[in-house]
Number of protein chains: 2
Amino acid sequence: MTTISDIARLASVGVGTVSRVISGKGSVSEKTRTRVLEVMKELDYRPNGVARSLASRKSNSIGVMVPEFQGRYFGRLIAQVEKFFRAENRHILVASGSGGATGERDAINYLRSWDCDGLILYSTEMSNDEIVCLAEAFPNIALVNRLVEPVRDHCFYIDHVAGGEMAARRLLKAGHGRIACITGPMTKDDARARQSGFEMELTRHGLLDLIKVEGNYTYESGAMCMSKLWENRKWEFTAIFCGNDEMAIGALFKLAELGVRVPDDVSIVGYDNSQLSFHTFPKLTTIMNPVPDIAANAANFIRNTCYEHNIQVKNALKPALVERDSVRDL
Amino acid sequence: MTTISDIARLASVGVGTVSRVISGKGSVSEKTRTRVLEVMKELDYRPNGVARSLASRKSNSIGVMVPEFQGRYFGRLIAQVEKFFRAENRHILVASGSGGATGERDAINYLRSWDCDGLILYSTEMSNDEIVCLAEAFPNIALVNRLVEPVRDHCFYIDHVAGGEMAARRLLKAGHGRIACITGPMTKDDARARQSGFEMELTRHGLLDLIKVEGNYTYESGAMCMSKLWENRKWEFTAIFCGNDEMAIGALFKLAELGVRVPDDVSIVGYDNSQLSFHTFPKLTTIMNPVPDIAANAANFIRNTCYEHNIQVKNALKPALVERDSVRDL
DNA sequence: GTGAAAGCGCTAACAC
DNA sequence: GTGTTAGCGCTTTCAC
């Protein structure tokens with residue numbers, strides 16, 4: 001392996017000089033600079049990042065922790081964050097917190113042990129207290145898709161109440177008055193927020209009753225809830241709001257089996273704008289998670305705290321309605 | 001930040017001893033060991049991975065390069081690889097080669113600069129020559145989803161010819177005799193292999209002519225090719241083989257618009273077993289990419305070369321048919 | 001079983 | 001402008 005002193009020796013300069021041409025900091029005469037560069041090229045020299053990081057106490061890399069690598073959502077998040085940092089020649093370290101709080105803790109420890117300058121965390125399992133502790137010990141931290149009150153400046157989250165309201169407004173606008181809901185698991189903050197935004201908006205328009213079934217965000221549960229809704233429907237609904245797209249697609253599938261046409265017989269609004277929602281028939285009207293916004297704001301927050309930027313950031317990001325073909329105007 | 005010498009001082013031992021209890025190598029008396037462990041816990045000591053890596057010339061982490069983070073495929077690959085290494089307390093570094101050969105080179109250089117013990121690469125843009133060069137300079141390398149002849153031991157790829165044959169056999173078994181194809185881009189090795197396997201199997205059964213249109217693997221192109229096929233169909237086909245699921249779903253969508261029923265009027269076989277294929281109506285019969293196999297074999301290859309394992313690995317992995325609802329038996 | 005000391009490849013401070 | 005040198009936090013001999 002070629003090291004900096006090999007280069008220094010062959011170029012007949014000191015290691016300090018080589019270091020200066022590598023980093024571009026400090027001044028080097030054009031002549032020496034060229035010579036050093038030549039030797040570097042010739043030997044295919046690649047500065048050792050580990051040593052640089054250790055010596056400078058700065059790794060120029062930021063750690064990203066996601067619950068898992070699968071799923072379109074996390075991929076998009078990672079991709080977006082990476083784009084930002086790659087643009088300024090920094091890198092990201094990715095770790096998955098697969099499997100509960102312990103996994104997440106491990107992943108974070110790993111990231112910290114590699115001297116990440118900053119951390120972007122999508123933690124679903126760790127407790128609020130633990131996160132507050134972490135943020136005290138290591139302030140260069142951005143929390144994604146989660147609001148932890150004591151450290152709200154570090155949080156970049158979606159205003160799901162607003163999202164629920166948007167869904168409701170769309171259905172109201174189309175003239176639907178009898179609406180069913182397939183909600184996400186009520187143990188989850190985001191599921192509750194979506195639903196409460198939805199119901200609040202309905203209430204504001206004088207629509208006080210609706211029927212709902214609780215699912216668990218999976219395709220299967222969507223189909224099952226749909227069956228339930230359909231079997232004992234003394235209550236004739238014309239539209240369904242689903243807590244996420246997967247369940248909406250499960251419902252869509254069940255409806256197709258039942259011979260019910262969407263949107264002719266019943267309208268559906270999903271939530272998440274997942275890739276799937278674009279590939280169904282009919283294409284799903286849904287609420288878009290502003291992943292790029294979240295990623296951008298979290299990344300900028302880290303750039304501010306770690307790399308002396310001074311960019312305005314927004315913590316609560318608004319979702320948006322994506323109009324497609326699953327809602328029919330009455 | 002707590003360092004190893006802080007621990008040594010507080011536990012009244014030398015740094016060497018602390019190092020031994022951290023690594024578990026060498027012998028330490030039970031008494032000292034306990035004391036050191038206590039101090040470590042008390043100070044929330046986290047060994048610095050960067051320093052360890054530099055000192056030991058071994059990072060216990062392996063680099064993974066994928067073309068992009070989005071898409072189900074890469075997520076699954078990364079997740080699988082990570083599972084293997086996490087199980088033995090090692091970690092993965094992920095980088096995306098977004099944007100052509102340069103991006104891939106950058107990503108690989110980055111991974112190497114961090115002293116990765118081994119590399120698992122999903123390169124789509126770099127030339128064979130360049131890969132051979134790389135493999136000479138750095139032999140701890142596994143190539144995923146690609147066959148580069150001179151270094152075939154390092155390659156873990158799918159036998160797409162076999163996949164094409166499977167698709168053909170399924171359709172043949174159902175009694176289809178007039179078949180249309182929406183192929184992937186013929187510039188791509190895998191698209192050609194899929195198609196040639198398909199055609200070879202047909203030929204073996206005496207079916208010599210078929211109609212085909214070339215797509216580019218996207219949803220949109222699937223829909224467009226389907227239109228083309230449908231418009232000027234002097235040729236009455238009863239089945240379609242698509243080069244991947246995305247195009248198959250595009251075709252499905254177009255067919256639904258056209259009022260053509262699947263599989264009643266026409267059968268479809270896709271390729272890839274993407275998540276999407278499970279969420280369509282009807283569910284898509286398709287060919288499964290053995291991602292877990294690929295990941296496992298590539299990971300084991302690296303474990304053999306980097307970490308003294310001795311596991312049997314297979315280079316050419318066979319896909320499999322996934323039977324669902326888009327093929328009708330005539 | 002344990003401590004001291006010499007690096008790992010680099011940066012940064014300091015002399016010149 | 002440039003070379004020298006002292007670390008960065010750790011592992012790994014090598015004595016004891």
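Values below: every heavy atom of this structure, side chains too, minus hydrogens, waters and symmetry copies. Residue numbers start from 1 in every chain, and the chains themselves are labelled A, B, ... in the order their sequence lines are given, proteins ahead of strands. Since the model is a prediction, treat every value here as computed from it, not as a measurement.
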Check every strand shown and say whether [X] touches a base, only sugar-phosphate, or nothing at a heavy-atom separation below 4.0 Å.
X	answer
B:V13	sugar-phosphate
B:S12	sugar-phosphate
B:T3	sugar-phosphate

Checklist entry - Starting at the 5' end of DNA chain C, which residue's closest nucleotide do you reach first, A:R20 or A:S5? => result A:S5
Checklist entry - Does B:G14 or A:A55 map to a spot on DNA chain C nearer the 5' end, using the closest nucleotide for each? => result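 Closer to the 5' end of DNA chain C: B:G14.
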Checklist entry - For C:dT11, does OP1 or OP2 lie under 4.0 Å from any side-chain N or O of A:S19? => result yes
Item to check | Donor-acceptor contact present, side-chain B:N304 to main-chain B:I311, <3.5 Å | outcome: yes
Checklist entry - What orientation do B:W114 and A:W114 show, parallel under 30°, tilted 30 to 60°, or perpendicular over 60°? => result perpendicular
Next on the checklist: Does anything in residues 24-46 of chain B come within less than 4.0 Å of DNA chain D? Heavy atoms only, and list the residues if so.
Outcome noted: B:Y45
For residues 140-150 of chain A, tabulate all N or O donor-acceptor pairs below 3.5 Å that involve a side-chain atom, not counting sequence neighbours.
residue : atom : partner : partner atom : Å
A:N140  : ND2  : A:D117  : O            : 3.1
A:N145  : ND2  : A:Y73   : OH           : 2.8
A:N145  : ND2  : A:Y122  : OH           : 2.9
A:R146  : NH1  : A:S123  : O            : 3.1
A:R146  : NH1  : A:M126  : O            : 3.0
A:R146  : NH2  : A:M126  : O            : 2.7
A:R146  : NH2  : A:N128  : OD1          : 2.7
A:E149  : OE1  : A:R152  : NH1          : 2.9
A:E149  : OE2  : A:R152  : NH1          : 3.1

Checklist entry - Considering only side-chain heavy atoms of B:V15, which listed nucleotide, C:dC10, C:dG9, C:dA5, is closest? => result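 Out of C:dC10, C:dG9, C:dA5, the nucleotide with an atom closest to B:V15's side chain is C:dA5.
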Next on the checklist: Side chain of A:A51, heavy atoms from C-beta onward: which of C:dC10, C:dA4, D:dG9 has the nearest atom to it?
Outcome noted: C:dC10
Next on the checklist: What is the separation between atom CG on A:L54 and atom P on D:dC10, rounded to the nearest whole Å?
Outcome noted: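 These atoms are roughly 9 Å apart.
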Checklist entry - When the distance from CD1 of B:I4 to P of C:dC8 is rounded to whole Å, what number comes out? => result 18 Å
